Structures are given as structure tokens and as C-alpha cells.
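These notes are about the structure you will find just below.
Note that the structure is a prediction, hence the values are computed from the model and not measured.
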Amino acid sequence: MIDISVEKVALLLIIAVLVLGPTKLPEYARKLGRLIRELRRMASGAQEKLRQELGPEFEDIDWRKMDPRQYDPRRIIREALLEDEPLPEPVVPTQAQTPGQPPARPVVRLAAGQKAPFDDEST
């Protein structure tokens with residue numbers, strides 16, 4: 001969250017006392033407290049609404065794994081190199097005929113110096 005040391009908080013309090021004065025400081029402290037409570041209430045309401053709208057299938061997701069700050073390329077490479085599983089065989093695409101389409105024509109190689117066919121109607 002917010003990383004503020006004790007010294008910084010003390011310095012802010014001293015500045016607040018000097019700027020606001022002892023008469024207005026309690027009033028502004030109450031306003032600040034109300035503002036923080038309201039922000040927390042709105043944040044928890046937004047979290048609850050998000051949980052309701054996403055549904056139960058998203059409740060058990062570990063969101064920390066999705067945090068981009070957890071990305072460590074060295075760890076990913078190390079895990080990939082230490083895997084004992086064999087690599088999957090490459091998939092060779094096949095020309096499957098779909099219903100309603102004419103069968104695929106075989107590829108014809110042109111002889112040296114032969115011009116490629118040109119279709120006037122398609123261009």
C-alpha cells in the first residue's frame with residue numbers, strides 16, 4: 001500500500017499543526033477520517049459487486065499469479081530447462097475438406113520460364 005515512515009508522518013503532522021492551527025485541526029482530522037472510511041466502504045462495495053458479477057467460478061483464482069510484478073524471466077527459463085517432459089510432436093496441418101466446399105486442387109509447379117496463370121475476371 002502506501003509506504004510512509006514514522007518520520008514522514010510526524011513531519012506531516014507538524015506541518016498540519018502549523019498550517020491549520022490548533023483550532024481547525026480537530027475538524028479537519030474528523031473530515032479526513034470520514035473520507036478514509038467512505039473510500040474504504042466504496043472499495044469494499046466495488047469488490048463485492050465485482051465478485052457477484054463474475055460469479056463463483058472466479059472465486060478460487062489466485063490473482064497473485066497474474067501480477068506482472070511476479071514475472072521473472074530467469075525463473076521461467078530455469079523451469080523450462082528443468083522440465084523432464086518430452087516435447088510434443090509438431091502438428092502437420094492436413095487439408096480437410098469441409099462440407100459445401102470443392103476439393104482442394106493439388107499444387108502445380110511451373111517449369112522454368114513459364115508464366116503464372118492470370119485471371120482477368122478476378123482483378
Side-chain angles (χ1 to χ4, degrees):
M1 229 168 136
I2 299 175
D3 188 25
I4 299 178
S5 65
V6 177
E7 294 86 18
K8 291 179 184 177
V9 172
L11 181 64
L12 288 174
L13 287 175
I14 291 171
I15 292 172
V17 168
L18 293 175
V19 171
L20 299 175
T23 56
K24 290 190 178 186
L25 189 61
E27 176 187 344
Y28 282 104
R30 277 191 296 276
K31 287 182 181 182
L32 179 64
R34 274 189 244 127
L35 176 69
I36 291 173
R37 279 192 299 275
E38 184 67 20
L39 288 174
R40 285 185 181 170
R41 186 190 61 77
M42 288 185 343
S44 64
Q47 285 177 344
E48 184 61 33
K49 185 170 181 163
L50 186 64
R51 281 192 197 105
Q52 287 174 354
E53 290 184 8
L54 287 177
E57 60 269 6
F58 287 100
E59 288 180 4
D60 57 345
I61 292 177
D62 186 14
W63 294 106
R64 286 175 285 172
K65 288 182 181 178
M66 310 273 183
D67 188 1
R69 293 174 291 185
Q70 301 297 323
Y71 173 73
D72 183 14
R74 293 174 295 202
R75 180 184 52 85
I76 294 170
I77 292 171
R78 188 178 325 116
E79 289 174 359
L81 291 175
L82 295 177
E83 286 181 352
D84 293 329
E85 300 174 12
L87 295 174
E89 294 295 321
V91 178
V92 178
T94 59
Q95 292 182 345
Q97 183 177 351
T98 57
Q101 284 188 338
R105 292 185 288 175
V107 177
V108 179
R109 298 274 179 194
L110 299 176
Q114 185 181 1
K115 291 186 176 183
F118 183 74
D119 187 7
D120 290 331
E121 294 177 4
S122 68
T123 56

What's the spacing between Glu53 CD and Glu48 CD if we round to 0.5 Å?
-> 11.0 Å
Begin with the C-alpha distance, continue with both residues' side-chain angles, and end with the deciding distance and a verdict on side-chain contact (heavy atoms from CB on, under 4.5 Å) for Ile36 and Leu32.
-> CA-CA 6 Å; Ile36 291 173; Leu32 179 64; 4.1 Å; yes
Separation between CD of Glu79 and CG of Asp72, rounded to the nearest 0.5 Å | 9.0 Å
For the student: nearest non-hydrogen atoms of Leu110 and Ala116, plus distance = CD1-CA, 3.8 Å
Electrostatic pair Lys24-Glu27, nearest N-O below 4.0 angstrom | no
How far does CG of Leu13 sit from CG of Leu18, to the nearest 0.5 angstrom?
-> 11.0 Å
Should Arg34 and Arg37 be marked as a side-chain contact (heavy atoms from CB on, under 4.5 Å) after you check the CA-CA gap, both sets of side-chain angles, and the distance that decides it?
-> CA-CA 5 Å; Arg34 274 189 244 127; Arg37 279 192 299 275; 3.4 Å; yes
Rounded distance (nearest 0.5 Å) linking atom CD1 of Ile77 with atom CZ of Arg75 | 11.0 Å
Output the distance between atom CE (Met42) and atom CG (Leu39), rounded to the nearest 0.5 Å.
-> 5.0 Å
